[in-house]
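Before any comments, here is the structure.
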2 protein chains.
Amino acid sequence: MERFKDVLKASNLKSTHQRLAILDCIDSFGHIDIDAIYEHIVPKYPSMSKATLYRNINDLISFHILEEVKLPNQKQQYEIKKVPHIHLLCTHCSKVEDVFVETKPLLEAVTLNSGFTISNSFIVMNGTCKECKA
Amino acid sequence: MERFKDVLKASNLKSTHQRLAILDCIDSFGHIDIDAIYEHIVPKYPSMSKATLYRNINDLISFHILEEVKLPNQKQQYEIKKVPHIHLLCTHCSKVEDVFVETKPLLEAVTLNSGFTISNSFIVMNGTCKECKA
DNA sequence: TCTTAAATAGGATTTATTCCTATTTAAGTT
DNA sequence: AACTTAAATAGGAATAAATCCTATTTAAGA
């Protein structure tokens with residue numbers, strides 16, 4: 001993935017095999033937790049250390065390349081940072097979907113109501129996905 | 001707190017000192033993490049065991065008496081379950097505020113956009129609170 | 001190819017959470 | 001007020017999760 005090499009370079013981070021494998025893995029799953037990343041990578045890189053995984057996850061988050069995704073009643077997951085969006089968690093199949101919906105009116109209502117200056121919002125919804133309803 | 005005795009009784013849970021202390025503590029703080037609960041209770045009940053604390057938190061969540069509060073870049077916190085609301089986290093003073101704002105239009109937009117049937121929503125916003133702005 | 005700062009491996013350590021079971025207790029009953 | 005019993009606790013052991021440490025390896029620029 002050339003794309004991730006550029007992303008890493010932009011933050012002066014070396015493009016190690018481990019890092020690229022982590023980013024690749026998270027990208028292909030969309031949303032995934034630490035253990036699943038490890039299980040997915042270790043067959044390809046048997047020497048991959050959990051310390052390396054944890055360290056990289058934390059580093060990549062602080063460089064805003066990854067973002068944590070906190071879902072109700074679920075282990076913490078991670079995703080490639082992208083434009084703001086809402087997460088939908090299907091409580092039947094545990095699939096996580098991204099949805100892009102205008103949130104400005106809500107943010108404005110909250111600002112008005114609270115006096116907070118909002119910088120970020122994290123919105124998760126629980127429910128049943130289209131497939132599980134069928 | 002008679003209120004919590006009734007709540008526990010309604011779920012056929014015994015009103016132990018430990019449980020009441022836990023509920024009291026969470027109620028008075030509004031939002032608080034496990035370790036802070038422990039530190040707060042142990043001076044009053046030196047025999048309080050961490051196992052008891054963890055077990056009770058989990059039990060009270062499964063009886064819908066408590067709810068987990070997942071905030072970005074923060075340890076998991078807990079609150080007394082109440083009517084749905086939005087959480088505001090001040091990134092300066094780490095205070096957590098509740099705000100009650102109409103979310104129906106957003107939920108409808110998401111339903112329309114995704115085909116999900118939404119059952120619950122968890123909304124957190126980051127920003128600067130009124131006091132920290134001053 | 002050489003150099004060097006950055007990154008990794010993997011075991012040790014620390015921290016977080018759950019498990020186990022003998023003892024205690026809440027609360028209903030007599 | 002004492003009796004009974006199922007539920008709950010204490011606290012140490014076990015397990016799991018995350019971080020730390022440092023000798024070795026590696027990416028990448030010269």
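What you see below is based on every heavy atom in this structure, not just the backbone, and it leaves out hydrogens, waters and symmetry mates. Below, read A as the first sequence line, B as the second, and so on, with proteins coming before strands; counting in each chain starts at 1.
Side chains of A:Q76 and B:K70 form no contact here, defined as non-hydrogen atoms less than 4.5 Å apart.
Closest to the side chain of B:T52, out of D:dA10, C:dT8, C:dA26, is D:dA10. If you check C:dG28, C:dA7, C:dA26 against the side chain of A:K14, the one that comes closest is C:dA7. Nearest nucleotide to the side chain of B:K75, out of C:dA27, D:dT9, C:dA16: C:dA16.
In this structure, B:L53 places its CG atom 11 Å from C1' of C:dT17, rounding to the nearest Å. B:N12 has its CG atom 11 Å from the P atom of C:dA27, to the nearest Å. The distance between atom CE of A:M48 and atom P of C:dT8, rounded to the nearest whole Å, is 8 Å. Distance CG (A:D35) to P (D:dA16): 11 Å, rounded to an integer number of Å. One interatomic measurement links the two molecules: OH of A:Y45 to P of C:dA7, which rounds to 17 Å at whole-angstrom precision. As a whole-Å value, the separation of B:I41 CD1 from D:dG11 P is 15 Å. Distance CG (B:D59) to C1' (C:dC19): 14 Å, rounded to an integer number of Å. Atoms OH (B:Y54) and P (D:dA16) sit 15 Å apart, rounded to a whole Å.
In terms of position along DNA chain C, the nucleotide closest to B:I34 lies nearer the 5' end than the nucleotide closest to the other residue of the pair B:I34 and B:Q18. If B:K50 and B:L13 are placed on DNA chain D by their nearest nucleotide, the residue sitting closer to the 5' end is B:L13.
For B:K50 and B:Y38, the positive end sits near the middle of the six-membered ring, less than 6.0 Å away and at most 45° from its axis.
A perpendicular orientation is assigned to the rings of B:H87 and B:H31, their planes being inclined by more than 60° (bins at 30° and 60°).
Within the 4.0 angstrom heavy-atom criterion, base atoms lie near A:R55. A:S47 comes within 4.0 angstrom of the backbone, heavy atoms only, and of no base.
A close approach under 4.0 Å does occur between a side-chain nitrogen or oxygen of B:N58 and OP1 or OP2 of C:dT18. A sub-4.0 Å separation between OP1 or OP2 of C:dT8 and a side-chain N or O of A:T16 is present. A sub-4.0 Å separation between OP1 or OP2 of C:dA26 and a side-chain N or O of B:H17 is present. Applying the 4.0 Å criterion to OP1 and OP2 of C:dA26, one finds that B:S15 has every side-chain N and O outside that range.
When ring centroids are compared, A:F29 and A:H40 come within the 6.0 Å threshold.
No salt bridge links B:E67 with B:K82; every basic N to acidic carboxylate O contact stays at or beyond 4.0 Å.
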